[in-house]
Amino acid sequence: MGTQKPRILPWLVSQLDGGQLEGVAWLDQSRTRFRIPWKHGLRQDAQQEDFGIFQAWAEASGAYTPGKDKPDLPTWKRNFRSALNRKEVLRLAEDRSKDPHDPHKIYEFVTSGSGDFPEVDTSPDTNGRYSTSDTQEDTLEELLNDLALVPTPSEGPLSLAATAEDPLPLLMSPNLDVPAPYPNPEPPENPLKQLLVPEEEWEFEVTAFYRGRQVFQQTVFCPKGLRLVGSEAGDRTLPGQPIILPDPGASLTDRGVVGYVRRVLNSLGNGLALWRAGQWLWAQRLGHGHTFWAVGEEFLPDSGHGHDGEVPKDKEGSVFDLRPFVTDLIAFIEGSGRSPRYTLWFCVGELWPQNQPWTKKFLMVKVVPTCLRSLLEMARLGGASSLENTVDLHISNSHPFTLTSDQYKACLQDLVEDMDF
């Protein structure tokens with residue numbers, strides 16, 4: 001057999017006792033509570049020593065060899081957290097990972113202290129294989145460590161690295177030569193992380209209003225974003241799927257208003273471009289007509305507080321960040337915050353309708369990322385933590401999945417940790 005992997009608990013206790021890793025330390029003399037630094041990798045003050053424990057475990061477990069493998073902090077951190085979460089003798093006592101000065105987590109042993117843990121399993125049977133007296137938990141730990149989340153070209157940044165040539169071993173009952181049922185833990189991969197995969201196409205619901213009257217609505221997947229245009233004319237070599245807004249003559253009777261709306265549509269030029277990159281939505285105007293934007297309610301823009309910005313002409317500008325939305329969604333689930341907003345409103349060719357009816361504007365466009373609507377609907381279902389609810393993210397390659405309320409909240413928290421500040 002090859003070199004055996006250390007078990008996470010005895011290895012971790014040795015690191016705590018050694019005191020060589022920055023910020024990794026016991027918090028009491030009874031050695032029941034300890035702290036682990038938990039700084040986000042993209043914070044400006046992040047330093048290598050902030051992530052020493054994650055790299056050390058990756059090296060000890062064989063998941064990373066310096067000089068051979070490419071460093072992958074998010075995966076190291078995720079696998080370390082998963083290894084701790086699977087241990088029934090440990091619990092997360094305090095989550096201070098959002099502390100701006102000293103982000104860390106405090107864990108504690110729920111038994112009588114750190115105890116004595118075997119370093120590795122050294123009890124082979126007469127054939128040199130592991131004895132069936134190994135606990136199912138130990139076998140499951142090795143299985144899940146072998147299924148470490150790694151990047152693959154075909155499935156985006158996260159996938160389970162298992163191949164047909166290396167089939168998954170069956171869990172064996174300690175005293176029986178028959179397969180035991182697999183435990184049913186939380187899903188091994190966070191399905192919400194599909195939202196950040198570059199190849200995934202978000203679905204957008206686009207609605208246009210002329211003087212407050214809805215004249216257009218279309219739901220589209222746009223591989224390279226979308227461009228709102230006033231006619232079929234324009235540069236078709238530009239990225240983004242053209243979304244052609246209708247001529248106002250078909251829906252409006254006031255000739256004066258029709259003329260003004262046409263002028264606004266013409267000012268769009270090559271379009272108002274909107275696209276996603278990672279956790280952000282970006283916009284840029286490719287015509288001469290000024291465009292103001294705001295994040296508001298789905299059924300009406302919040303004209304009372306003013307716009308959130310003007311869409312720039314010569315460069316892209318961020319109009320939405322997924323991270324604060326998810327953070328607010330978690331607070332909403334916990335009952336300590338309001339329902340987060342996700343609807344983008346654009347006022348084209350005129351000043352934002354501050355303290356006046358938005359229905360007086362010649363062209364208002366509403367864009368709803370339907371995946372965010374689904375996330376909020378899932379949160380509103382809430383209820384008992386043991387009840388399962390099904391959600392469809394409405395992105396190109398996703399399928400509906402089922403989570404309990406507790407699992408959903410845990411997935412949201414995990415998603416936040418993978419995003420930039």
Side-chain angles (χ1 to χ4, degrees), residues 154-159 189-209 214-229 238-246 271-284 291 293-301 311 316-326 328-329 332 339-346 348 364-381 389-403 408 411-412 415-416 418-419:
S154 60
E155 296 185 359
L158 298 179
S159 63
E189 182 178 4
N190 183 348
L192 301 185
K193 291 184 180 179
Q194 298 174 80
L195 293 168
L196 302 179
V197 177
E199 294 77 14
E200 291 288 359
E201 303 166 17
W202 284 20
E203 180 185 72
F204 294 100
E205 180 187 272
V206 181
T207 309
F209 302 86
Q214 180 177 322
V215 297
F216 174 89
Q217 186 172 75
Q218 184 177 354
T219 303
V220 291
F221 284 110
C222 304
K224 296 181 180 180
L226 57 88
R227 284 188 299 118
L228 295 171
V229 295
L238 293 171
Q241 177 177 330
I243 305 295
I244 303 173
L245 301 180
L272 173 63
L274 178 70
W275 68 96
R276 180 184 72 88
Q279 71 194 59
W280 290 280
L281 294 179
W282 300 84
Q284 181 177 356
T291 300
W293 66 274
V295 179
E297 302 291 347
E298 183 165 342
F299 298 106
L300 75 164
V311 178
E316 67 272 10
S318 173
V319 295
F320 191 86
D321 183 355
L322 181 61
R323 193 180 197 279
F325 171 84
V326 176
D328 291 345
L329 188 59
F332 174 71
S339 170
R341 296 178 173 183
Y342 55 86
T343 302
L344 286 165
W345 286 88
F346 297 93
V348 182
M364 294 286 292
V365 178
K366 177 179 72 171
V367 179
V368 176
T370 55
C371 59
L372 305 185
R373 177 195 283 160
S374 295
L375 291 179
L376 181 57
E377 288 177 353
M378 180 75 171
R380 283 173 170 161
L381 288 174
N389 294 302
T390 300
V391 62
D392 186 345
L393 288 180
H394 293 277
I395 57 179
S396 54
N397 295 311
S398 71
H399 301 284
F401 55 87
T402 301
L403 296 172
Y408 181 55
C411 285
L412 289 172
L415 181 64
V416 168
D418 272 14
M419 289 189 283

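Everything quoted here is computed from the prediction, not taken from an experiment.
Under the 4.5 Å side-chain criterion, counting only non-hydrogen atoms from C-beta, L415 is in contact with L196. Within the 4.5 Å cutoff, the side chain of T343 has no heavy atoms near those of the V367 side chain. Looking only at side-chain heavy atoms (C-beta outward), Q217 and V206 stay at 4.5 Å or farther from each other.
With sequence neighbours excluded, no residue forms a ring-ring contact (aromatic ring centres under 6.0 Å, His included) with F332. Taking E201 as the reference, F221, P223, S396 meet the side chain to side chain contact (heavy atoms under 4.5 Å, CB included) condition, with sequence neighbours excluded.
Among residue pairs with one or both ends in residues 367-379, those qualifying as side-chain hydrogen bond (donor to acceptor under 3.5 Å, both in side chains) are E203-T370, E205-R373, E298-R373; sequence neighbours excluded.
Here the side chain of W345 pairs a donor or acceptor atom with the backbone of E297 at under 3.5 angstrom. D328 places no side-chain N or O within donor-acceptor distance of the main-chain N or O of P340, the cut-off being under 3.5 Å. Using a distance-only test at 3.5 Å, with no hydrogens or angles considered, a donor-acceptor pair links the side chain of R276 to the main chain of G278. Panel note: side chain W280, backbone V319; no donor-acceptor pair is recorded below 3.5 Å. Side chain of R227 to main chain of L274: no donor-acceptor pair is present (N/O by atom type, distance under 3.5 Å, no hydrogens or angles). Put simply, the side chain of Y342 never gets that close to the backbone of L376: no donor and acceptor are under 3.5 Å apart.
Here the closest non-hydrogen pair linking M364 and P301 is CE-CG, 4.0 Å. Between R341 and F325 the shortest heavy-atom distance is O-CD1, 3.5 Å. Heavy atoms only, all atoms of each residue included: L403 and M378 are closest at O-CE, 3.6 Å. Counting all heavy atoms, side chain and backbone alike, C222 lies closest to Q241 at SG-OE1, 4.0 Å. Closest of all the heavy-atom pairs between K366 and F209 is CB-CE1, 4.2 Å. Heavy-atom minimum distance, L192 versus C411: CD1-CB, 3.7 Å.
To the nearest 0.5 Å, atoms CD1 (I244) and CZ (F216) are separated by 8.5 Å. Rounding to the nearest 0.5 angstrom, the gap separating the CH2 atom in W275 from the CD atom in E316 is 5.0 Å. Atom CG of residue L329 and atom CG of residue L372 lie 9.5 Å apart, to the nearest 0.5 angstrom. To the nearest 0.5 Å, atoms CG (L412) and CG (N190) are separated by 8.0 Å. A distance of 11.5 Å separates NZ of K224 from CG of L238, quoted to the nearest 0.5 Å. Between W202 atom CH2 and L226 atom CG the span is 12.5 Å, to the nearest 0.5 Å.
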side-chain contact (heavy atoms from CB on, under 4.5 Å) assessment of L375 paired with L195: CA-CA 11 Å; L375 291 179; L195 293 168; 3.9 Å; yes
Applying side-chain contact (heavy atoms from CB on, under 4.5 Å), run through V229 and I243 and close with a yes or a no. CA-CA 6 Å; V229 295; I243 305 295; 6.0 Å; no
Please lay out, stage by stage, how T207 and V368 fare under the test side-chain contact (heavy atoms from CB on, under 4.5 Å). CA-CA 9 Å; T207 309; V368 176; over 6 Å; no
Using side-chain contact (heavy atoms from CB on, under 4.5 Å), reason through F204 and L281 one step at a time and then give a plain yes or no. CA-CA 11 Å; F204 294 100; L281 294 179; 4.0 Å; yes
